[in-house]
Asker: 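Pasting in a structure now, in structure tokens, and then I'll have a few things to ask.
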Amino acid sequence: MKKIIDIDFGSSRYDQLVELRYKILLEPLGLKFLDSHRNAEANYLHIGCIEGLDDKLVGGLMMVPVDNDTIRLMQVAVDSKYQGEGIGREMIKYAEQRAREAGYNRIIMHAMLSVVHFYEKNGYRQEGEIFEEQGITFAKMVKDL
């Protein structure tokens, strides 16, 4: 049974989330997770998906406030063994609900080109030109809540 949960910054579950994000998103690109980034994440909303009797963390993401109206979805990661099971979709639906509850009207994100179609299927639209950050090509995606 999979369950979407909030994750407390600094908890052991948060450490698992950092490791998962590194393994799925950064390591394949040859990038490192810098511990100096951890302090900035203290005020972010961290969401995870746990599964099985041992509540293994199999997915996660962050929500970062931009301004009073907009929040940014970042570092959506699902363990490769669990991809294709709808975990990403469920975590995003949960994140959108949490954003609405917190009074945000808009979610933005930078999606790698390989996942733009996934976000379009979930109601996001591409805005602006394709761009590069650290050698990775992204599209800005937006969804009004």
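Since the model is a prediction, treat every value here as computed from it, not as a measurement.
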Asker: Give a yes or no on whether a salt bridge exists between Arg106 and Glu127, defined as a side-chain N under 4.0 angstrom from a carboxylate O.
Answerer: yes
Asker: Should we say atom CG of Asp54 is surrounded by more than 12 heavy atoms from elsewhere, each under 6.0 Å from it?
Answerer: yes
Asker: Has Asn122 got a side-chain atom pairing as donor or acceptor with Phe118's backbone, closer than 3.5 angstrom?
Answerer: yes
Asker: Shortest non-hydrogen contact from Ile71 to Val64?
Answerer: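 Closest approach of Ile71 to Val64, heavy atoms only: CG1-O, 3.4 Å.
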Asker: Please check: side-chain N/O of His110 versus main-chain N/O of Leu73, any donor-acceptor pairing under 3.5 Å?
Answerer: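 Not confirmed, His110 side chain does not pair with Leu73 backbone.
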Asker: Spell out, as yes or no, whether a donor-acceptor pair under 3.5 Å connects the side chain of Asp67 to the backbone of Thr70.
Answerer: yes
Asker: If we only count heavy atoms from C-beta on, is the Tyr124 to Ile92 side-chain gap below 4.5 Å?
Answerer: yes
Asker: Locate the shortest heavy-atom distance separating Ile24 from Asp79; write the atom from each residue and the value.
Answerer: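 The pair with the smallest heavy-atom distance is CD1-CA, 3.9 Å.
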Asker: State, to 0.1 Å, how close Val76 and Met91 come at their nearest heavy-atom pair, and which atoms those are.
Answerer: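 Of all heavy-atom pairs spanning Val76 and Met91, the closest is CG1-CE, 4.2 Å.
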Asker: Under 3.5 Å, is there a donor-acceptor pair linking the side chains of Gln126 and Tyr119?
Answerer: no
Asker: Does a sphere of radius 6.0 Å around CD in Glu129 hold more than 12 heavy atoms from other residues, nucleotides or ligands, not counting ones at 6.0 Å or beyond?
Answerer: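 Atom CD in Glu129 is not crowded, with 12 or fewer foreign heavy atoms closer than 6.0 Å.
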Asker: Under the 3.5 angstrom rule, does the side chain of Glu133 hit a backbone N or O of Phe138 as a donor-acceptor pair?
Answerer: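 A pair under 3.5 Å: no.
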Asker: Is it true that Lys56 and Glu51 make a salt bridge, defined as a side-chain N closer than 4.0 Å to a carboxylate O?
Answerer: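 A salt bridge is absent here (no side-chain N lies under 4.0 Å from a carboxylate O).
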Asker: Given a cutoff of under 4.5 Å between side-chain heavy atoms of I, L, V, M, F, W and Y, with clusters grown through shared members, what are the other residues clustered with Val66?
Answerer: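 Once heavy-atom contacts under 4.5 Å are chained together, Val66 belongs with Ile108, Val142.
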Asker: Assess the side chains of Asp6 and Tyr94: does a donor N or O sit below 3.5 Å from an acceptor N or O?
Answerer: yes
Asker: Between Tyr14 and Arg21, what is the shortest heavy-atom contact and its length?
Answerer: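 The pair with the smallest heavy-atom distance is CE1-NH1, 4.5 Å.
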Asker: Where do His46 and Glu41 come nearest, in terms of heavy atoms and distance?
Answerer: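 Heavy atoms of His46 and Glu41 come nearest at NE2-O, 2.9 Å.
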Asker: Who passes side chain to side chain donor-acceptor pair (under 3.5 Å) against Glu85, sequence neighbours left out?
Answerer: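 For Glu85 the side chain to side chain donor-acceptor pair (under 3.5 Å) partners, ignoring immediate neighbours, are Lys2.
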Asker: Not counting sequence neighbours, list each pair that qualifies as a salt bridge (Lys or Arg N to Asp or Glu O under 4.0 Å) and has a residue in residues 10-19.
Answerer: Asp15-Arg38
Asker: Are Met63 and Tyr44 packed together at the side-chain level, in the sense that at least one heavy-atom pair is separated by less than 4.5 angstrom?
Answerer: no
Asker: State, to 0.1 Å, how close Leu57 and Gly48 come at their nearest heavy-atom pair, and which atoms those are.
Answerer: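 In terms of heavy atoms, the two residues are closest at CD1-CA, 4.0 Å.
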Asker: Could you check whether Glu90 pairs with Lys93 (Lys NZ or Arg NE/NH1/NH2 to Asp/Glu carboxylate O, under 4.0 Å)?
Answerer: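 Yes, this pair counts.
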